[in-house]
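Order of listing sets the numbers, starting from 1, for every ligand and every atom in it.
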Amino acid sequence: MALKSKVLIVGGTGYLGKRLVKASLAQGHETYVLHRKEIGVDIEKVQMLLSFKQQGAHLVAASFNDHQSLVSAVKLVDVVVCAISGVHIRSHQILLQLKLVDAIKEAGNVKRFLPSEFGTDPARMENAMEPGRVTFDEKMVVRRAIEEAGIPFTYVSANCFAGYFLGGLCQPGFILPSREHVCLHGDGNQKAIYVDEDDIATYSIKTIDDPRTLNKTVYIRPAKNILSQREVVEIWEKLIGKELLKSCISEQEFLAKIKEQDYAEQVGLTHYYHVCYEGCLANFEIGDGAEEASALYPQVHYTTVEDYMKRYL
Ligand code: NDP
């Protein structure tokens, strides 16, 4: 059997990044985690990095402000997986990856690069609304740089992080489910796709040594997790043994509400608009040049929406 690739995780202390580190170690990869000197005395991050080390990861000191340090880090491995931030209400540094792309290009040894994507496929969002389209546009800038540099890649389209979407019964601004009330987007029947963040990491790491995913987009679409907001609410109602009071917000009202928010909120709300009113995640068939993760890796027992939601009981 071929040796497992050595992996460098960039953004390893992040919400998704820490799960990628865990998955990489669990799948037996020699795992390196970038330790940026800029994190300084951020004790939580330092402690997390040390815990990765205790679990067998190697910490690699480097900085996005020091090209040679990135080149040296990249030279240690076969595969680079980046989970740098890309949510405006938290932090968004997608374009910083251009520096990583330059380093990978110069190092010349990387067999696969997974850039920080893990959401809606940006290639399908050419007509996305302002200002949220900035996320997709920036991810496409990074894709073009990767492809122009001839770097082998896999793009992971992970759909909805369960914590953001299921936690709030698909309502923006909520990450814990109410036991009283829910506001539906329109009729609440538009399908979306929800994925446990640990499963996103597991599937992503599965792709890195897989020739079937080379230079392709991999969508994560676990069949049981393709559900409308109403269906998510029904699952929650079954779990708590109680029906929620329901109101709804029409498309026009939702669009009007977006305009009242600050920029970062607007970016997030326009993403919710595309997902919850337009059904942008589930309204297309996966075509040529792409794969679906749960079909590629049927041995992975993904977390169903119902199982995920039990944590909120
Ligand atoms: P986080 O906000 O948790 O940040 C990840 C890491 O980015 C940080 O831990 C840090 O890593 C690194 N980072 C932050 N600022 C800087 C900086 N100035 N310079 C260098 N590195 C920096 O990211 P998420 O996990 O929320 O997002 C990861 C990806 O997932 C993004 O592409 C995002 O768009 C996507 N996403 C998708 C969602 C969905 O529902 N589909 C939901 C949320 C995110 P360190 O300090 O360790 O270097």
the protein heavy atom lying closest to atom 1 (P) of ligand 1 turns out to be Arg90 NH2, 3.5 Å
re atom 35 (C) of ligand 1, the protein heavy-atom contact at minimum distance is Glu117 O, 3.5 Å
All heavy atoms of Ala107 vs all of Val74, minimum pair found to be CB-CG1, 3.6 Å
In short, Tyr194 meets Cys170 closest at the heavy-atom pair OH-SG, 3.5 Å
Query raised in the report: If you measure from the Lys or Arg side-chain nitrogens to the Asp or Glu carboxylate oxygens, is any gap between Asp102 and Lys105 under 4.0 Å?
Result: no
With distance as the sole test, does Gln27 use its side chain to make a donor-acceptor pair with the main-chain N or O of Ser24 at under 3.5 Å? no
Ranking Gly163, Pro115, Gly14, Ser85 by closest non-hydrogen atom to atom 23 (O) of ligand 1, top hit is Ser85
Counting from 1 in the order shown, the ligand 1 atoms closer than 4.0 Å to a non-hydrogen atom of Gly12 are 47 (O)
If we only count heavy atoms from C-beta on, is the Val7 to Val81 side-chain gap below 4.5 Å?
-> yes
To atom 11 (O) of ligand 1, the nearest of Gly11, Pro122, Gly17 on a heavy-atom basis is Gly11
Contact region, Cys160 to ligand 1, non-hydrogen atoms below 4.0 Å, reads backbone
Short version for Thr135: what comes under 4.0 Å of ligand 1, heavy atoms counted, is neither
Ile94 heavy atoms within 4.0 Å reach ligand 1 at atoms 32 (O)
> Is the NZ atom of Lys310 crowded by more than 12 outside heavy atoms at less than 6.0 Å?
Replying inline: yes
Cut-off 3.5 Å, side chains only: do Asn65 and Glu38 have a donor facing an acceptor? yes
Restricting to heavy atoms, the pick from Arg36, Glu138, Glu197, Glu38 nearest atom 17 (C) of ligand 1 would be Arg36
Discussion item. Does any N or O of ligand 1 fall below 3.5 Å from an N or O anywhere on Phe118, backbone included?
Written reply: yes
Atoms of ligand 1 under 4.0 Å from any heavy atom of Ala83, numbered from 1 in the order shown, are 5 (C), 6 (C), 28 (C)
Q | Aromatic ring proximity His271/Tyr164, centre distance under 6.0 Å | A | no
For atom 24 (P) of ligand 1, the closest protein heavy atom turns out to be Tyr15 CB, 4.2 Å
Are Phe52 and Val79 connected in a single hydrophobic cluster, I mean Ile/Leu/Val/Met/Phe/Trp/Tyr linked by side-chain heavy atoms less than 4.5 Å apart? yes
One should read off an interatomic distance between Glu265 CD and Thr270 OG1, to the nearest 0.5 angstrom, of 11.0 Å
Per-atom filter on ligand 1: closer than 4.0 angstrom to a heavy atom of Phe64 are 20 (C)
At under 4.0 Å between heavy atoms, what of His92 touches ligand 1? The answer is neither
Within 4.0 Å of some non-hydrogen atom of Tyr164, the atoms of ligand 1 are 42 (C), 43 (C)
Any Leu184 side-chain heavy atom under 4.5 Å of Ile249 side chain: no
Note: ligand 1 atoms sitting under 4.0 Å from heavy atoms of Thr13 are 9 (O), 11 (O), 45 (P), 46 (O), 47 (O)
shortest atom 10 (C) of ligand 1-to-protein heavy-atom contact is with Lys45 NZ, 3.5 Å
Ranked by distance from atom 44 (C) of ligand 1, the top protein heavy atom is Val87 CG2, 3.3 Å
Under 4.0 Å, counting heavy atoms only: does Leu49 come that close to any atom of ligand 1?
no
| Between Tyr312 and Tyr308, how do the two ring planes meet: parallel, tilted or perpendicular, split at 30° and 60°? | tilted
If you measure every N or O of Thr120 against every N or O of ligand 1, does any of those distances drop under 3.5 Å? no
I want to check something: taking the side chain as every heavy atom from C-beta on, are Gln299 and Lys206 in contact at a cut-off of under 4.5 Å?
yes
Note: Leu281 and Arg221 closest approach over all heavy atoms is O-NH2, 3.1 Å
d(Leu214 CG, Phe153 CZ) to nearest 0.5 Å is 8.0 Å
Of Gly268, Ser116, Gly86, Ala192, the residue with the heavy atom nearest atom 32 (O) of ligand 1 is Ser116
Ligand 1 atoms nearer than 4.0 angstrom to some heavy atom of Leu96 are 17 (C), 19 (N), 20 (C)
**Message:** Any atom of ligand 1 sitting under 4.0 Å from a heavy atom of His35?
**Reply:** no
Checking heavy atoms under 4.0 Å, the part of Ile39 that sits near ligand 1 is side chain
In this structure, atom 25 (O) of ligand 1 is nearest to the protein heavy atom Leu16 N, 2.9 Å
Atom 41 (N) of ligand 1 sits nearest the protein heavy atom Asn159 O, 2.6 Å
the protein heavy atom lying closest to atom 39 (C) of ligand 1 turns out to be Phe161 CD1, 3.2 Å
So that I know where these two stand, are Phe118 and Tyr15 an aromatic pair - ring centroids less than 6.0 Å apart? no
Atoms of ligand 1 under 4.0 Å from any heavy atom of Ser91, numbered from 1 in the order shown, are 14 (C), 15 (N)
